[in-house]
Structure formats: C-alpha cells, structure tokens
Amino acid sequence: MKTYKNSYESLQIGEAILAKITLTLCLLGSAIASKAGEVQWSDLTEKRVIVVGDSITYGGQYVAYLEAYLQLKFPDQGLEILNLGLPSETVSGLSEEGHAGGNFPRPDLHERLDRTLEQTKPEIVLAFYGMNCGIYHPYRIDRFEAFKVGMRRLRDRVRASGAEMIHLTPPVFDPLPIAKRTLPAGLKSYSGPYAGYDEVLNLYAAWLIAMRSEGWNVIDIHGPMKAALLLRRQSDPMFHFAGDGVHMNAEAHWLTAQLIMEGLGASDDFSAWSSAEAMVTSFLGKETECVSLIKSKQRMLCDTWLTHIGHLRPGMAKGLTLDAAKTKSIEMDSQIESLLK
C-alpha cells in the first residue's frame with residue numbers, strides 16, 4: 001500500500017494538459033493536512049455509519065471488508081455500518097441522454113438524502129461518488145460545477161444533521177478493457193463512454209483533495225488506485241481493476257477498504273494480506289465464511305433500507321420488511337461472532 005502511494009508521486013499519468021494539471025493538484029492537495037481529522041478508524045465501531053454511493057458501493061465489497069476488519073480488531077464492540085449505495089446514482093444530479101436505454105434518468109442522491117438522514121440517524125456518513133457524475137463525457141465546466149455544488153450540498157446537509165462527513169475521491173475509469181466501446185475526444189455527442197474519461201475523474205478527485213484546506217475530511221482513492229494500476233501494468237500490460245472499465249473487482253474493493261482504514265489512521269500493514277479473506281485467516285489462524293456472511297447481511301439490509309427510505313431507481317430488489325431484516329441481522333451477527341471466535 002505505501003509503495004502505491006509513494007509511486008503515485010513519481011508516475012507520469014498522461015500527456016494531456018488536463019491530466020498533468022490534475023496530477024499537480026493532487027500532489028499539492030495531499031500535502032495539505034485535513035482539518036477534519038477528528039474521525040478516526042476506531043470511531044467506526046462506536047458510532048452509526050452509513051455509506052452512500054453508486055453501483056460500486058451498492059456492490060458492497062469494500063464496505064463488507066471494512067466491517068470484517070473492524071470485527072476482527074474489536075470483537076466485543078457492536079458495529080453499525082449500513083451500506084446504502086444506489087446503482088446509477090450521482091451527486092451532481094446529471095444524467096446523459098438515453099441513460100439505461102432511455103428507460104430512466106440517473107437518480108440524484110439529493111432526492112433521497114433528507115429521508116435517509118432522518119430515518120437512519122447516522123453519526124458518520126461516508127460518500128463515494130464521482131464515477132457517474134461526469135456522465136462518461138469529456139470535461140465540461142458546467143458538469144464540473146454541478147459536481148462541486150452537489151458535494152457541497154451533501155456535506156452541508158450531513159453536518160446540519162449532526163453527523164460527521166467523510167468523502168472518498170472517485171475510483172479509476174479504465175478504458176483499456178473496453179477499448180472497442182470507447183469514443184475519442186471532439187465528438188458532438190457521445191453514445192458511449194469517452195476514452196479519456198479518467199482525466200475528468202482526475203480533476204474531480206483533485207478538487208476534493210484541495211477541499212481539505214477548508215476542513216473537509218477527504219480520503220484519496222483515485223490517486224493510489226491509479227498508481228497501483230500503472231505499477232501492475234509494468235509486468236502485466238493487460239492487468240485491470242475493472243473488467244468493464246467502471247465496476248471494481250474484489251482486488252480493487254480490497255484496495256479501497258485499505259485506503260479508507262489507512263486514511264482514518266489504522267496502522268496495520270494491509271499489504272501483508274492479499275485479500276480480506278487472507279486477513280481473516282491471518283487473524284484467526286483458520287479459514288472461515290465470515291466475509292461472505294457479512295456480505296450477505298449487508299446486501300439484505302441495503303435492499304431493505306433502500307425500499308423503506310424510498311428512491312427513484314427502478315428494477316431494485318425490495319428486500320424484507322424492516323422489522324424482519326433487523327431480526328435476521330441479529331441472527332447473522334451472532335453467526336459472524338461465532339465464526340470469529
């Protein structure tokens with residue numbers, strides 16, 4: 001992990017002017033100490049945490065890995081980490097023409113944010129947005145401004161509710177695995193993803209990092225993930241973290257969980273574990289199904305709470321009733337506790 005972070009400072013991300021400017025901003029932003037560093041990794045075991053984001057968060061692996069680590073470190077402490085990611089969602093409120101075949105526009109987090117905060121009453125909110133917010137098109141200032149406005153609204157509303165706000169920079173968009181489906185710069189319209197879209201995400205990430213100077217608690221995912229990707233491609237030119245260029249695989253989710261815990265001050269050498277499952281085996285001296293069980297529990301609770309709170313994204317699983325899900329969660333927590341002994 002530390003190797004990836006250090007290598008990011010010396011790697012040349014690209015030749016495009018925007019990418020060069022963004023890399024400089026990232027490095028400058030990383031040197032600015034966050035003024036909102038009062039949230040520490042141990043707080044995640046003592047306070048109710050919700051995680052909001054798009055389909056990458058809804059997929060849930062990095063959230064489950066966070067819970068697995070905290071369960072191992074604090075076996076006697078009750079945890080409340082609720083994944084409320086919603087596929088296709090943005091914080092910018094934007095949607096490209098013809099999204100989902102024209103069946104529905106991208107949902108906007110702000111449509112459900114107040115209800116989410118009121119009904120879940122979190123003490124810490126962790127947000128992982130950006131991938132969808134530029135709608136996979138080349139950079140344009142109005143889209144960038146919409147992203148910034150959306151992020152400010154999110155932070156202001158969360159803090160007004162009394163909760164702490166933690167932002168993650170967006171992950172990497174990787175055009176290599178989907179090269180045949182990407183489109184070049186300079187087109188009047190885009191029916192598929194722009195090949196240089198990661199340049200846009202570079203800029204979004206750099207802006208978030210720069211907001212540390214205003215007291216924002218921001219953990220950089222994009223920079224270290226890009227560095228890790230480029231480092232791995234030195235030995236394997238076709239290596240990727242996302243087979244479709246967007247949705248992270250288990251390795252990238254594990255990297256994301258590591259970066260979050262390190263960003264909040266955890267001191268373990270996460271690079272010693274190749275996966276969350278390897279971490280559990282290292283702690284317990286045996287293989288268990290606890291990570292899989294945590295994923296199942298979080299999926300059940302996520303679907304249930306999304307339905308209970310309400311949203312505008314069609315095609316989602318309904319889940320259980322809230323009472324039934326809470327009862328089932330207690331049963332599954334007991335099973336997880338037994339596996340961790």
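Here the structure is a predicted model, which is why all the values come from computation and not from measurement.
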Open item on the list: By the definition salt bridge (Lys or Arg N to Asp or Glu O under 4.0 Å), identify the one residue from Arg143, Arg106, Arg140 that meets it with Glu96.
Closed with: Arg106
Closest heavy-atom contact between [X] and [Y]?
X      : Y      : result
Glu118 : Lys121 : O-NZ, 2.7 Å
Leu229 : Phe241 : N-CE1, 3.8 Å
Arg212 : Asp220 : NH2-N, 3.8 Å
Pro193 : Ile178 : CG-CD1, 4.1 Å
Leu183 : Leu187 : CB-CD1, 3.8 Å
Leu306 : Gly85  : CD1-O, 3.5 Å

[X] side chain to [Y] backbone, donor-acceptor under 3.5 Å:
X      : Y      : result
Tyr62  : Ile56  : no
Arg48  : Ile81  : no
Thr304 : Leu320 : yes
Ser334 : Ile330 : no
His311 : Pro107 : no

Output the distance between atom [atom1] ([X]) and atom [atom2] ([Y]), rounded to the nearest 0.5 Å.
X      : Y      : atom1 : atom2 : value
Glu287 : Leu339 : CD    : CG    : 12.5 Å
Asp76  : Gln71  : CG    : CD    : 10.5 Å
Leu301 : Leu82  : CG    : CG    : 6.5 Å
Met261 : Leu44  : CE    : CG    : 5.5 Å
Thr169 : Lys226 : OG1   : NZ    : 12.5 Å
Leu168 : Thr57  : CG    : OG1   : 7.5 Å

TODO: Walk me through it: do Tyr197 and Thr182 pass the test side chain to side chain donor-acceptor pair (under 3.5 Å)?
DONE: CA-CA 9 Å; Tyr197 186 60; Thr182 59; over 6 Å; no
Does some side-chain heavy atom of [Y] sit less than 4.5 Å from a side-chain heavy atom of [X]?
X      : Y      : answer
Ile309 : Thr120 : yes
Asp268 : Trp273 : yes
Gln61  : Met248 : no
Ser161 : Asp114 : no
Ser92  : Phe144 : no
Phe270 : Glu262 : yes
Leu154 : Leu113 : yes
His167 : Asn217 : no

- [ ] Measure up the Tyr65 and His253 rings against each other and bin them: parallel (under 30°), tilted (30 to 60°), perpendicular (over 60°).
- [x] perpendicular
- [ ] Evaluate the ring planes of Phe283 and Tyr69, with Trp represented by its six-membered ring, and classify them as parallel (under 30°), tilted (30 to 60°) or perpendicular (over 60°).
- [x] perpendicular
Here's a test for you: under side-chain contact (heavy atoms from CB on, under 4.5 Å), which of [options] qualifies with [X]?
X      : options                    : answer
Leu109 : Asp54, Leu84, Thr90, Val91 : Val91
Ser55  : Arg313, His247, Met131     : His247
Asn83  : Val63, Ile50, Asp303       : Val63

TODO: Answer yes or no: does atom CD of Glu97 have more than 12 heavy-atom neighbours from other residues, nucleotides or ligands under 6.0 Å?
DONE: no
Open item on the list: For the NZ atom on Lys148, are there more than 12 heavy atoms of other groups (residues, nucleotides or ligands in this structure) within a distance under 6.0 Å?
Closed with: yes
Open item on the list: Suppose we screen for side-chain contact (heavy atoms from CB on, under 4.5 Å). Which residues come up paired with His308, at least two apart in sequence or across chains?
Closed with: Gln119, Trp305, Leu322
- [ ] Determine, step by step, whether His222 and Asn202 satisfy the side chain to side chain contact (heavy atoms under 4.5 Å, CB included) criterion, reporting the C-alpha distance in whole Å, the side-chain angles of both residues, the deciding distance to 0.1 Å, and the verdict.
- [x] CA-CA 7 Å; His222 189 272; Asn202 281 341; 2.5 Å; yes
Would you tell me whether [X] and [Y] have side-chain atoms, one donor and one acceptor, within less than 3.5 Å of each other?
X      : Y      : value
Gln77  : Glu46  : no
Thr321 : Asp323 : no
His240 : Asn249 : no

Common cluster, [X]/[Y], ILVMFWY with side-chain heavy-atom separation under 4.5 Å:
X      : Y      : answer
Ile135 : Tyr204 : no
Met238 : Met225 : no
Leu176 : Tyr194 : no
Leu94  : Val149 : no
Met279 : Phe74  : yes

Task: Lys/Arg N to Asp/Glu carboxylate O, Lys297 vs Glu67, below 4.0 Å - done: yes
Open item on the list: Regarding Arg232 and Glu251, does a basic nitrogen lie under 4.0 Å from an acidic carboxylate oxygen?
Closed with: yes
TODO: List the steps, then state whether side chain to side chain contact (heavy atoms under 4.5 Å, CB included) holds for Met165 with Trp216.
DONE: CA-CA 8 Å; Met165 181 77 242; Trp216 290 35; over 6 Å; no
- [ ] Quick one: do Glu89 and Arg112 satisfy salt bridge (Lys or Arg N to Asp or Glu O under 4.0 Å)? Show the steps, please.
- [x] CA-CA 11 Å; Glu89 192 168 69; Arg112 66 179 177 115; 2.7 Å; yes
Open item on the list: Set out, in order, the CA-CA distance, both residues' side-chain angles and the distance that settles side chain to side chain contact (heavy atoms under 4.5 Å, CB included) for Val51 and Leu66, then state yes or no.
Closed with: CA-CA 11 Å; Val51 186; Leu66 289 176; 5.7 Å; no
Task: Full working for salt bridge (Lys or Arg N to Asp or Glu O under 4.0 Å) between Arg233 and Asp174 - done: CA-CA 12 Å; Arg233 282 194 175 153; Asp174 185 2; 2.4 Å; yes
Task: Aromatic Phe147 / basic Arg152 pairing, under 6.0 angstrom, 45° off normal - done: no
Task: Stepwise side chain to side chain contact (heavy atoms under 4.5 Å, CB included) test for Leu201 and Val172 - done: CA-CA 7 Å; Leu201 298 185; Val172 171; over 6 Å; no
